[in-house]
Asker: 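Before I ask anything, here is the structure I am working with.
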Amino acid sequence: MPSVKEAVKVDNKQKAKSSGGSAGGAGHSKEFLVQLYKDMILYRRFEERVHVAYTTRRKFAGFCHLHIGQEAVAAGVQHALRPTDYVIGAYRSHTQAIAKGITPNEVMAELFGKVGGCVRGKGGSMHMFSKEKRFLGGHGIVGGQVPLAAGVGFAIKYRGEQDVCVCYLGDAATNQGQFFEALNMAATWKLPVLFIIENNRYGMGTDIHRTTSIDHLWKRALAFDMAHSQVDGLNVLNIVDAVRSTCDAIRKDNHPHLMEIMTYRYRGHSVSDPGAYRTKEEVAEYQAKDPMNMHGKFLVASKLATEADLAKWDEEAKKIAEEAENFADQSPPPGEDEIWKDVYAD
Amino acid sequence: MPSVKEAVKVDNKQKAKSSGGSAGGAGHSKEFLVQLYKDMILYRRFEERVHVAYTTRRKFAGFCHLHIGQEAVAAGVQHALRPTDYVIGAYRSHTQAIAKGITPNEVMAELFGKVGGCVRGKGGSMHMFSKEKRFLGGHGIVGGQVPLAAGVGFAIKYRGEQDVCVCYLGDAATNQGQFFEALNMAATWKLPVLFIIENNRYGMGTDIHRTTSIDHLWKRALAFDMAHSQVDGLNVLNIVDAVRSTCDAIRKDNHPHLMEIMTYRYRGHSVSDPGAYRTKEEVAEYQAKDPMNMHGKFLVASKLATEADLAKWDEEAKKIAEEAENFADQSPPPGEDEIWKDVYAD
Amino acid sequence: MSTVTMTFREALNRAMCEEMERDQTVFLMGEEVAQYDGAYKVSKGMLAKFGSKRVVDSPISENGFAGLGVGAAMVGLRPIIEMMTWNFGIQAFDQIINHAAKMLYMSAGQFQVPIVFRGPNGAAHMLAAQHSQTVEAFLTHVPGLKVISVATPADGYGLLKSAIRDNNPVIFLESEMMYANKGEVPADETLIPIGVGDIKRPGNHVTVIAWNKMLHRALEAANALAAEGIECEVIDPRTLQPLDEPMIFESVRKTNRCVIVDEANHFASVSAHISDRIHKECFDDLDAPVVRVSGEYVPMPYAENLEDRVTPGVDRIIAGIREVLY
Amino acid sequence: MSTVTMTFREALNRAMCEEMERDQTVFLMGEEVAQYDGAYKVSKGMLAKFGSKRVVDSPISENGFAGLGVGAAMVGLRPIIEMMTWNFGIQAFDQIINHAAKMLYMSAGQFQVPIVFRGPNGAAHMLAAQHSQTVEAFLTHVPGLKVISVATPADGYGLLKSAIRDNNPVIFLESEMMYANKGEVPADETLIPIGVGDIKRPGNHVTVIAWNKMLHRALEAANALAAEGIECEVIDPRTLQPLDEPMIFESVRKTNRCVIVDEANHFASVSAHISDRIHKECFDDLDAPVVRVSGEYVPMPYAENLEDRVTPGVDRIIAGIREVLY
Ligand SMILES: Cc1ncc(C[n+]2csc(CCOP(=O)(O)OP(=O)(O)O)c2C)c(N)n1
Ligand SMILES: Cc1ncc(C[n+]2csc(CCOP(=O)(O)OP(=O)(O)O)c2C)c(N)n1
Ligand SMILES: [Mg+2]
Ligand SMILES: [Mg+2]
């Protein structure tokens, strides 16, 4: 079982091992372990479909940031949360939205700028929301969602509720002033927020180590004596276990936590990025230890699934993605009256 | 001799001892040790005169932030620098300006909004500048001067010069986003900047421990693996020695440093602050170990000065402050044409 | 309607206290608002009354706590965020402009952001360039925000209450120079609707539009001119966004002449906008082009004599009025 | 004068390269400007040419690196700071507004801040509310800043060079949608002075003022109307601050009618200011009130059909022109 390193216990040398493979699985039901795989493959196939819809079929334009390679984070984190927990993210959030319960149909229709989208075509790729599901966006300003998450944590505590607010951010967002300001407030006021850095090693084309002086991003927490940890994100069960025990601690002790999940994206920063800043070998190296594939192998090795099961689930995922595209295709564009709606609330 | 704790060597338990008194003095000439005292008493008397000019004689208005109690920082730091080093500060900077070579006359006239002021009455208490003396202000936005200092460090390095930029900031400024952004850039690009937190324990009426989660502000440096130290600011020689050795290290190894100097202000945040957020006893406790008085006692005890010398220097300081007020009184207000000057450079 | 005399700061304090008593989701956050009773004592006594959960001293992290407020508002609280002065509010423009103002729209109506950002705006006295700015030109330009700027204790009271109850982000602009001003405020609870201007002085010869502390200078100018038989109609829009255009146009159609007094500099300012709207909608009614009396286009100098000349003074307002009365 | 055909991004790149060759104190900093050749490839090849000391990839710390630039400029360097887009420049407003713009004044002329903040401004295509904003209304309202907004490769080239040589903070507004546009640019080194507008199309019936990508829509509208015998004089101010008022007034005094096209929403915008100035200075020359064709007063929606309707389209510009030609 992976252990969550807490503030004081953290150790410089104790780096996340990017071994790949699913660590253990102890304590998880077969159903649960299978569901994790199904989720990951759905996210993968969904994003692949999005990619083709954007590039080949030109169904929409603008920025389109895919989560391919990082699905284990969306799947693993979500399964560790309660339905009433809040999730807020940045602009690479299609899969986070689906994980939180927005349907693939609604996400795809949103991408296509259609009225069937989760925000009726007004937000697009970077701005998915669902009040009902407690998915608070989808934000386009790097770091901008971090103070918002502190505010959600503030409200949870204000009302004496037991929820946690999970805030996703990228590695490069840890260079933003408001990230620090938010962490300071969360630590000072002991707000129930789990800040998750999805460290995919790059902010656009820039290796994170070229824009900061530290080796590990959890060190940001040291400036606030904040609990923190580093998690191997190539192992989906690591993520589930780490997030679960961390959220338990947050609920129990009422304090925030900064978690650095080591992950990797296979595609460009956005669909239009050729990715010249890294080698094909580097990408291939990570793909060789793909968390979804590793988890599939683990299921087969543990006799929890057969190769045929995996193939079937893959087909099911493709089907859902296809249906989402059909739904999005058939959904009409928003009416012109939408332009002047929602500028002000009554 | 006080030792400068470097990044890795820093130790939680090794707190600054607020023992008061001048540590050692070894390696310093009599002339130098006396000059330190003369500087401190000048800053004290100057600020006292400013206070009376503001309150009793109503010579000017606006914000007026006095440095009384913290003079050892301005004096100690300045004596550790080379003339070509740059200094930039916030709005509590009358003494810093004088330390860097702007005359008391010019500072007082600036306070009075007169044309004889260092910026001809256009800047006032918060905005003293001297290009010639490399005093880069005098800034009113909390934290705003910190990125500017990084820029000065960038320029020094760009030109391959050997100067250091000293950036003063208050304890509460360490909660500002741009402080973190600037530290990150300085650490990443190894800029020759000495960031000095004058930790006087309060941001206006707020105890710094109510707005951050850490016990020591040097911990901010941990987020960037930046060299850092804590210095007992009640001992002026501590400050001189720490800044000198730190600047040596900065020049030699080309890296920034975050120094927390523990100090205390005796007067209100600004002249209009009644100071109800702290007890009279607390203020008295600090005044009992006043760095200037302690240094005076040290001089007398070391037979470097007599009580009569101290009294004489006190009189001299009062005289300079009085003359500054006379100068300011006699200086005319700026002409109306100044309004439209300096909006744009040619 | 019976009234009580109170200072501006008391009126604002009363508005916040009443709303916080009425609605548990309302809280106040800002630098020095709690233990210090507010840098300008607007929140005096509120910590004692409501406790530290609801009256919260923030770190000096304007963008951070503005954003915290927006996040809290998204999930059901109603924050009042005090900017010690609006000069520091500029630090929070990302959260105000990119987040607060756009959330409802981006979420297609799902996430309302009922939040008030309030604090003093404009020059006070000898605070120089970084501490003497007005922000209404910036923030009225941002769809999704409402902008209120008040000149009297009564308006401050009634409009702050409406702002707190409004389901949108509201920018509420006060002034250090007016906090000690006294005025009559309704004794009973009273709300003033957002978006409704107020004729502070009726007149037939020229319409003078002014808000916040400029209103008082405009009234002074109007009084001075009344001695010569010139009757100014002085309109206080009170809300700049949305603007009470019908009231303004009706007055201009009556007087055929208009002067706008704006503490801000003239470039791309609120007065520029009002002027354009009047020229457009009342073109044939105007006997003279609208004249704007604005702050000089310079950073604010420190020296008193210079500062006095930069903001629109009564003399310049009188000159402006005379200019349209040719 | 012989010319070469180049894209907008090439023209801007050339301007920067020439100035960096000419003056060792000029450097470029911004997100992705070096190894990635710029998010929009404006700085393509510059890292290879000038090295990592002078072409610097920054962290995503807009306020921080804007401020770093200001500090470097205070002590003798001439930074070019790229904002990946101006939406993110809002993060840097504190450093731009409170520091860059005011430093010369606060220091009574001692510290010049020769710095260029440049990047694309305004809506691109389907980027929604947080990525489609214009900033000229905000930044022209700040004394101490110069604001340039360019529409053609030649103007981009000549004005960026002047901006880099200027001793003041200059805001330089480009557009993602125009980077691939081609145009004729002088083969020899050429500077265009700041503050001088350009008549992009002469005409006698109506003055149309437009800048940045709106210029091209205005020209399209003018061409369409020319078929009906309506001759528009299309003015590109190029510099918004300082504004070439003499050119504008002269044209309006000739045509007696004016339309201003502004991508920004109408409230307290640059077009509001220009409209006011024209009404004031050309009141008796105007046969109709100035009409403004502005972006809708809404956050930008994502869907293409909605976005197209929000920014001023050729159809709306034509309607605006017809409106003043009654
Ligand atoms: C304040 C701000 N600056 C710049 C950008 C442009 N931008 C969008 S994403 C991005 C890189 C962010 O990288 P990271 O935080 O690591 O997240 P990732 O894309 O890797 O998920 C940049 C620079 C932005 N959206 N917001
Ligand atoms: C961005 C910003 N926010 C708020 C203020 C108002 N303000 C001025 S000084 C101050 C307290 C700063 O305390 P600290 O940094 O500890 O410095 P000290 O006054 O103790 O020297 C505050 C809140 C400001 N000037 N700038
Ligand atoms: Mg990343
Ligand atoms: Mg302090």
Side-chain angles (χ1 to χ4, degrees), chain A residues 60-64 91 110-115 117 119-127 137-144 170-179 203-208 210-212 269-270 272-277 332-344, chain D residues 29-41 44 47 52 56-67 84-85 87-92 94-95 123-133 176-177 265 267 295-311:
Chain A
F60 66 104
F63 296 153
C64 180
Y91 46 82
E110 190 54 40
L111 292 171
F112 284 26
K114 299 299 188 67
V115 80
V119 287
R120 297 200 302 275
K122 296 176 88 159
S125 170
M126 297 189 282
H127 308 302
H139 296 276
I141 301 296
V142 167
D171 43 284
T174 65
N175 290 333
Q176 262 282 329
Q178 53 184 321
F179 160 76
M204 286 191 77
T206 305
D207 188 318
I208 184 63
R210 294 205 293 118
T211 56
T212 190
H269 166 74
S270 68
S272 62
D273 163 28
Y277 46 85
E336 213 177 88
D337 60 323
E338 279 290 355
I339 291 174
W340 298 277
K341 263 192 211 159
D342 307 322
V343 182
Y344 294 98
Chain D
M29 176 178 282
E31 294 154 18
E32 308 291 338
V33 297
Q35 289 196 14
Y36 199 75
D37 274 340
Y40 299 99
K41 307 300 167 201
K44 192 168 174 179
L47 173 65
S52 60
V56 186
D57 280 327
S58 74
I60 310 179
S61 312
E62 282 83 1
N63 209 23
F65 66 79
M84 190 180 284
T85 81
N87 300 284
F88 320 136
I90 294 173
Q91 305 255 22
D94 172 58
Q95 282 296 336
H125 183 211
M126 295 184 80
L127 298 185
Q130 292 182 328
H131 281 75
S132 305
Q133 300 170 83
E176 293 100 314
M177 304 308 282
N265 74 69
F267 210 105
E296 291 296 322
Y297 193 76
V298 300
M300 184 63 76
Y302 169 75
E304 191 167 32
N305 64 320
L306 304 186
E307 180 178 39
D308 281 352
R309 175 61 188 78
V310 168
T311 54

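Proteins get letters first, then strands, A, B, ... in listed order; numbering begins at 1 in each. Owing to the predicted nature of the structure, the values given are computational and were not obtained by experimental measurement.
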Asker: Using the side-chain hydrogen bond (donor to acceptor under 3.5 Å, both in side chains) criterion, which residues pair with A/Tyr277? Sequence neighbours excluded.
Answerer: A/Arg265, A/Asp273

Asker: Which heavy-atom pair separates A/Ile141 from D/Gln130 by the least distance, and what is that distance?
Answerer: N-OE1, 3.5 Å

Asker: Do any N or O atoms from the side chain of D/Tyr302 and from the backbone of A/Arg120 form a donor-acceptor pair under 3.5 angstrom?
Answerer: no

Asker: Any chance the side chains of D/Gln35 and A/Thr206 put a donor and an acceptor closer than 3.5 Å?
Answerer: no

Asker: Quick one: which of D/Val298, D/Leu306, D/Val310 has the most heavy-atom pairs under 4.5 Å with chain A, could you say?
Answerer: D/Leu306

Asker: Mind ranking A/Pro334, A/Ala172, A/Gly335 by heavy-atom pairs under 4.5 Å with chain D and telling me who comes out on top?
Answerer: A/Pro334

Asker: What residue, out of A/Pro274, A/Pro333, A/Gly177, A/Gly123, has the most heavy-atom pairs lying under 4.5 Å from chain D?
Answerer: A/Gly123

Asker: So does D/Lys44 have more than 12 non-hydrogen atoms from other groups sitting under 6.0 Å from NZ?
Answerer: no

Asker: Under a 4.5 Å cut-off applied to non-hydrogen side-chain atoms, are D/Pro299 and A/Val343 in contact?
Answerer: yes

Asker: Can you name the nearest heavy-atom pair linking A/Phe63 to D/Leu127, along with the distance?
Answerer: N-CD2, 3.4 Å

Asker: So which residue, D/Ile60, D/Asn305, D/Asp37, D/Asn63, ends up with the most heavy-atom pairs under 4.5 Å with chain A?
Answerer: D/Ile60

Asker: Just so I understand: if I count every heavy-atom pair under 4.5 Å between each of D/Met300, D/Glu296, D/Glu307, D/Glu62 and chain A, which residue has the most?
Answerer: D/Glu296

Asker: Where on D/Glu304 is there a heavy atom nearer than 4.5 Å to chain A: the side chain, the backbone, both, or neither?
Answerer: neither

Asker: My understanding is that only residues two or more places apart in sequence, or in another chain, count here; which of them pass side-chain hydrogen bond (donor to acceptor under 3.5 Å, both in side chains) with A/Glu110?
Answerer: none

Asker: Between CZ of A/Arg210 and OG of D/Ser58, what distance do you get to the nearest 0.5 Å?
Answerer: 10.0 Å

Asker: Closest approach of A/Asn175 and D/Pro59, non-hydrogen atoms and distance?
Answerer: ND2-CB, 3.4 Å

Asker: Tell me, side chain or backbone of A/Phe179 under 4.5 Å from chain D's heavy atoms, or both, or neither?
Answerer: neither

Asker: Measure across D/Ala128 and A/His127 and return the closest heavy-atom pair with its distance rounded to 0.1 Å.
Answerer: CB-CD2, 3.7 Å

Asker: Would D/His131 and A/Met126 count as a side chain to side chain contact (heavy atoms under 4.5 Å, CB included) here? Give the steps.
Answerer: CA-CA 10 Å; D/His131 281 75; A/Met126 297 189 282; 3.4 Å; yes

Asker: Does some side-chain heavy atom of D/Glu31 sit less than 4.5 Å from a side-chain heavy atom of A/Met204?
Answerer: no

Asker: Got a second to check how far A/Phe60's CZ is from D/Met126's CE, nearest 0.5 Å?
Answerer: 8.0 Å

